[in-house]
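Just so you know, ligand 1 is whichever comes first in the structure, and atom 1 is the first atom listed for that ligand.
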Amino acid sequence: MQFYCESLTEYKRLKTKEVKIGDLLLGNFHPIRVQTMTTTDTMDTMATVEQSIRCIEAGSELVRITAPSKNDAENLLHIKNELRKRGYHTPLVADIHFTPNAAEIAARIVEKVRVNPGNYVDKKKFELIEYTDADYAEEIDRIRERFTPLIKICKEYGTAMRIGTNHGSLSDRIMSRYGDTPMGMVESAMEFLRIARNESYHNIVLSMKSSNPQVMVQAYRLLVKTMFDEFGECYPLHLGVTEAGDGEDGRIKSAVGTGTLLEDGLGDTIRVSLTEDPELEIPVCKDLVKRYASRQSTVDSRQPIPAINKFSYDPFSYQKRESFEVGNIGGKHVPVVIADLSKIEKISHKHLQSVGYTYDEPSDKWNISDAAADYIFTANQILDFALPGTLKVIVYPEAWTRAKDKSKYFPIYQDSGYVETEIKSDQMNFVMVDCFNDGADPFTYLDQIANDPTVVICLSSTNKNAMQSVRRMYVELMSREIKNPVINITDSNWQTADEHLIHFATETGALLLDGLGDGICFGMTRKSYELLAASLEHLNAAGRNYTNNLTIEQFINSTCFGILQATRTRISKTEYISCPSCGRTLFDLQETTAKIRSRTNHLKGLKIAIMGCIVNGPGEMADADFGYVGSGPGKITLYKGKEIVKRNVNSEVAVDELINLLKENEAWMEP
Ligand code: SF4
């Protein structure tokens, strides 16, 4: 194993133990299974059965159902019987929080139970307590006593188990010793796993979910390393970004976190948590998983990537790669966005609107949005109108010689071209370095462009393992102490809007989460461009809201800023941490999220959590600034951070009260 995975330079699945869930085998190189969770009331047998069927028909290979009480757990039998009667044999999973009694009932009925080690035994009081080693050991004994009966039942009934840690619901014990860190998440699961192993129970899957993809990725990597160090083997991994939200943001966040891990061969089953109907999660899961079906033969024979023997950065904690500044790229600047407009024949004011610049003719002024691209790439076009003040243009060298305003236009070269030419900008030159594309040695010109104060390096790859190629090049730059800023250029050959979104989020997100990238630019072939146009048209006609009447350039620009937001490298909008809802949900989450979004989506940088229940919501809303949490039928409790500020507000006025709360805390501004 290399650090936390089988290989950092080629796609290789991590070998994990085989787990049996009913008739479904998981782990040990079995296909990556996709799953979801129902949102109906578990006591409503028929509604849960109908929704489970919709999920199964969509392709869900496991269906999880919440079991908050003993009654709900008992009702799983009716749900299971009805599904079997109708010919559906998909394994069911009971989701347990706080109620060991319900778990012990459910484990006798369904094929798998999920327990949250943060609240299976402990009741969270948000207390910080100093534990001596003896106190700590005593707590572990208490867990063993309460958890062992469930293990014995699972062994007897052949039931599988997921030990599912959530970043937002770590126990006070773990928080006191480790804080809400990836290490705390790992230790939280390991405490339970050690107890299960001592009982010779191994039918276990693990998860480390967080709504922050950075934390989530680090926690899974650390978990793999910890299991190998301690046991010499690894249990299967269930991947997911929790409370990812809905629409474009939810899909991007999920792909950034889950996709990053899948790229490194981690993950045996995935769930994408969207605040949408659960069956809509399955196509997203499938888009994520199908990327690896064709990568089973892992090495790109045209150009294998040299192994990484020494890491140049810490994969278990975030630190941005050090770079110097060229113009507004690199150094302490947030990553820039470069919009590729080269496929537009004649670029006009209207096209700049797609990338965040709206021209007002009467006043002859540009309105610049928070998500405005910093650069546009136009290939050979010099624009025949005055540009917005902050926007700059990248063109091929010949066009650059024609550009009059050299403070606005900058040339882009291939590495060999840059080294050989004498015609260069004295301010900024973009230099393409292809990473392991076609047998040519990508390191040939590195030392000649290294640390040239005008050079912004652009890394791209057509290698089968493209992300790994670019990452390998970063390792080379770092080991040679080359500190030029770098743009990650990601090309996509996929066809539909959803596939492109997943591709860009996975490939670019995986680099940004490791602090690699001073800018991003997405491109595609003419054929993919045309197919994307058709896909957007189709989705718009079908009334799909997150691609709502977007042009290709708008879609790509919005994807760029969404990825930067999800990786927390550049914040340009409000962040919503909304739970996917489940049988505990006390209001219509989709409708309420849409309502809150429509009132607050101009509050750049603010994190608002919208959680369906007060049992799990407050714990799981992680680092939200404000929380809107269901606390009873028709009742909402509002939070500032983790603190309750308005209890049991009538739901009819709760959104207004949330806005008042933002105003009282100077977190509001008029749209
Ligand atoms: S926070 Fe949402 S998904 Fe989680 S248990 Fe509560 S209602 Fe269900």
Q: Using ring-ring contact (aromatic ring centres under 6.0 Å, His included) as the criterion, list what pairs up with H602, not counting sequence neighbours.
A: W668
(Q) For Y88, give me all partners under ring-ring contact (aromatic ring centres under 6.0 Å, His included), at least two apart in sequence or on another chain. (A) none
(Q) If you count heavy atoms of other groups shown closer than 6.0 angstrom to CD of E664, is the number above 12? (A) yes
Q: Measure from the side-chain N and O atoms of H167 to the backbone N and O of D180, and report whether any donor-acceptor pair falls under 3.5 Å.
A: yes
**Q.** Non-neighbouring partners of K155 that pass salt bridge (Lys or Arg N to Asp or Glu O under 4.0 Å), sequence neighbours left out
**A.** none
Q: Describe, in one word, how the ring planes of Y235 and H202 are oriented to each other, choosing from parallel (under 30°), tilted (30 to 60°) and perpendicular (over 60°).
A: parallel
Q. Name the residues with a heavy atom less than 4.0 Å from ligand 1?
A. C579, S581, C582, R584, T585, G612, C613, N616, G617
